[in-house]
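Written below as structure tokens is the structure these notes are about.
Just the heavy atoms: all of them, side chains too, but no hydrogens, waters or symmetry mates, feed the values below. We name chains A, B, ... by the order of the sequence lines, and we start the count at 1 in each one. Since the model is a prediction, treat every value here as computed from it, not as a measurement.
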There are 4 protein chains.
Amino acid sequence: MVLSEKQKSNMIIKRKKILTEAIHLFAEKGFEGTKIQEVAKASGVSFGSVFTYFENKETLFHAAVVEPLKKYEEDILNFNPEEQDLIQELESMIKKQIKIFANSGSYLNLVVFIIAQNKEYKDTFKELDLFNINFRIKLIHLIENGQKKGLLYKQNPTYIATAYTSLLMGLRLNLIDDPSSSMWEELSPFALQLFGPVKLKNEL
Amino acid sequence: MVLSEKQKSNMIIKRKKILTEAIHLFAEKGFEGTKIQEVAKASGVSFGSVFTYFENKETLFHAAVVEPLKKYEEDILNFNPEEQDLIQELESMIKKQIKIFANSGSYLNLVVFIIAQNKEYKDTFKELDLFNINFRIKLIHLIENGQKKGLLYKQNPTYIATAYTSLLMGLRLNLIDDPSSSMWEELSPFALQLFGPVKLKNEL
Amino acid sequence: MVLSEKQKSNMIIKRKKILTEAIHLFAEKGFEGTKIQEVAKASGVSFGSVFTYFENKETLFHAAVVEPLKKYEEDILNFNPEEQDLIQELESMIKKQIKIFANSGSYLNLVVFIIAQNKEYKDTFKELDLFNINFRIKLIHLIENGQKKGLLYKQNPTYIATAYTSLLMGLRLNLIDDPSSSMWEELSPFALQLFGPVKLKNEL
Amino acid sequence: MVLSEKQKSNMIIKRKKILTEAIHLFAEKGFEGTKIQEVAKASGVSFGSVFTYFENKETLFHAAVVEPLKKYEEDILNFNPEEQDLIQELESMIKKQIKIFANSGSYLNLVVFIIAQNKEYKDTFKELDLFNINFRIKLIHLIENGQKKGLLYKQNPTYIATAYTSLLMGLRLNLIDDPSSSMWEELSPFALQLFGPVKLKNEL
DNA sequence: AATGAATGAGAGTTCATTCAT
DNA sequence: TATGAATGAACTCTCATTCAT
């Protein structure tokens, strides 16, 4: 049977809906704690349909973690480590990334699960780790440029990158029960400090 | 009395053993992913015995999270916010706490679970949150003293405390698959920076 | 609609079958003594299917007791307390009811369980009690009419009704291991005697 | 080790206590519904002790049903079928037996269980049946004497005996949730009627 | 004799997955 | 493609029974 365009687009929408609800539920209840039936109900389809779009629960889980990753990577890596005004770029990057972390509660919760259970979900974790490595590499690139230009104190760039990404992730956990926290935006100066800018903001 | 002292002490040891194994398994696989049978096998008892010591799986889980908390709280809060040489005390505190976070992989993993699933484990989360609040209060106390004495830049102490505890937690997640990382001890200067010491180490 | 008519009717038949087998088994072994697995096997379905039709064992038990009640009530209460020829109606009623009691071994056995364990199965017992009350009320109505007409000796109608229903129930227990007993039909004169007919049969 | 007299008598008392509580609990909850732990607690002994006195749960159950039987038999069969004033003896017998049935709620409840589950508890049921047969034989003896003397109408004595014992048992079930019912004593005239006395009470 | 920790068979129940409709 | 009845593996938990103390 041939599917009409309308049917195809309908299926794409439905698949997307299932995935979105799956992310929410997996993030809230974990893999074992989430029932296919719940995902189906939240998505407005029969639980049989979930199996039409995803081979089984594991596939759905993997997709829920991995598929949004591309968009995140794009957003998170959207900064230029070669920028002329590096401090300006650094500040803007931090603000953007903090905003992303502040607004991606559910998904990052799911990420936390994978990290915490990395031994259980090796393959899925590997993909997150890849993203993390890319992120770190680009950060290090930026830091090295800043240090070369004398805009940042000389410190091990790897440590800085680790501290910074840890801070972001830690904030996500710390502010988890207060999703609309106003604290997020106030914390960028502290993130900036980690990079060791030669002229501290409050010194200017 | 019917149980001999020897029997009683045996029981205490057995209970402890079950709890230790439960922490490891819950940390690795989460609540639903951990089977009582596994805990029993890892503890070297029959699964029936697990129910001799813990009413049910939930009770065991709660105990696994909450019982170690006291010792952690004691260790983590073991610093003096009124100390004369405050910078010295701050540095030593950070080093101690980083060491604790570096060496408590399993347990902190479990803590991460509870935080990530705080809506599912409200009661258990509440106890962790209480600990967190106490920790923050004591940190703020120390920070305020440092600022009064002119040893730390004036910055919102709450933000500093949040950033610092977030950094610790974030590092735990970031270094999760590399438990013996040498990075831990190298990161205390970055943690120190968050507190805004007037004389930076590398300036001395 | 997704289920065809055929499927629906199949489900109704299957549910009925499960219930019938459940009645037999509960009657023979009691609630705790009956295993869901046995009910499933006797009904020719997987034990999982039992849970498709009945939420849990208790629901199944309750249904096994309560659902047949309506039909019984209808049959048992099928007499006219205002009938002109009251003695005739009384005799025919007794014969009918004795026949019902003689032929409903399993179900009445189940009823006996509920009565014996009325404290354990309060809700279920309440429904049986309601039936019993209705039965008694209608009997009393008939007895009072008979006494007014001078066809029955004046005796407390409540006592008569109690004695009569007790006799029926007691016979059920007494003849339990001999279900095809020829005694049943011979006992209606004794039941009749309880009502105190002015002209005893053997006097005519 | 030799047991002192005091110890021996203590054990006898303890065994009795366990049996009494077992009767109550088995009567209320049935065999499977009663837990050894409950019996122990109700008896004020450890559950281990129950196994000191009764080999296992089945033995305890059997004993709970069978051991009181002797005393009951003695009380129930305490009438003289050869008595001169037979009607007087009959009336007094009925009154005595009704009193016994009125006051033996728990035990008779247990008896009902065995009867209802006679296929499950064949051996235990057999002993009850034996008692029943003895009871019937003695009743028939009395009835035949009464009929010979012209004090009772000629009716099949077996039917009378069956109707009478059924009435007793049925009353036990009918009045189960109202143990102190005043109805019991009012019902002996109806029981008497079943025997077919030539001069009915209310004719005298 | 008395106790109760230890055991594990066996129960009810859940839920991913299959498949006929 | 969409549905949901059917299945049974696998889980938690109960409880009779054993046995060391």
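- Atom CD of C/Glu67 has more than 12 heavy atoms from other residues, nucleotides or ligands within 6.0 Å.
- Rounded to an integer number of Å, the gap from C/Ile36 CD1 to E/dG12 P is 6 Å.
- Rounded to an integer number of Å, the gap from CD of C/Gln37 to P of E/dG10 is 13 Å.
- Using a 4.0 Å cutoff on non-hydrogen atoms, the parts of residues 13-35 of chain C near DNA chain E are C/Thr34, C/Lys35, ordered by number.
- In this structure the side chain of D/Phe51 never reaches within 4.5 angstrom of the side chain of D/Thr59, judged on heavy atoms.
- The separation between D/Met11 atom CE and E/dA1 atom C1' is 6 Å, rounded to whole Å.
- A heavy atom closer than 4.0 Å to some atom of DNA chain E occurs in A/Phe47, A/Phe51, A/Asn56, A/Lys57, these being the qualifying members of residues 39-66 of chain A.
- Partners of A/Phe125 according to the side-chain contact (heavy atoms from CB on, under 4.5 Å) rule, which considers only residues two or more places apart in sequence or in another chain, are A/Ile114, A/Ile115, A/Asn118, A/Asp129, B/Asp177.
- Pairing each heavy atom of B/Leu60 with each of B/Ala22, the nearest pair is CD1-CB, 3.9 Å.
- Atom pair B/Asn10:CG and F/dT21:P shows a separation of 10 Å (rounding to whole Å applied).
- When the C1' atom of E/dA6 is taken as reference, atom CD of B/Gln7 falls 11 Å away, rounded to whole Å.
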Fill in the blank from the handout: Output field dot_bracket for DNA chain F (Watson-Crick or G-U, both distances under 3.5 Å, | for other-strand pairs) contains .||||||||||||||||||||

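- In this structure the side chain of C/Val39 never reaches within 4.5 angstrom of the side chain of C/Val45, judged on heavy atoms.
- Put simply, the side chain of C/Lys8 reaches to within 4.5 Å of the side chain of C/Glu5, judged on heavy atoms.
- Residues meeting the side-chain hydrogen bond (donor to acceptor under 3.5 Å, both in side chains) test with D/Ser104, sequence neighbours left out: D/Tyr72.
- Taking the ring centroids of C/Phe61 and C/Phe26, they lie under the 6.0 Å cut-off.
- Within the structure, the side-chain hydrogen bond (donor to acceptor under 3.5 Å, both in side chains) test picks out the following pairs touching residues 26-35 of chain C (sequence neighbours left out): C/Lys29-C/Glu38.
- Residue C/Glu55 qualifies as open at atom CD: its count of foreign heavy atoms under 6.0 Å is 12 or below.
- A 4.5 Å side-chain heavy-atom check between A/His62 and A/Tyr121 finds every atom pair outside the cut-off.
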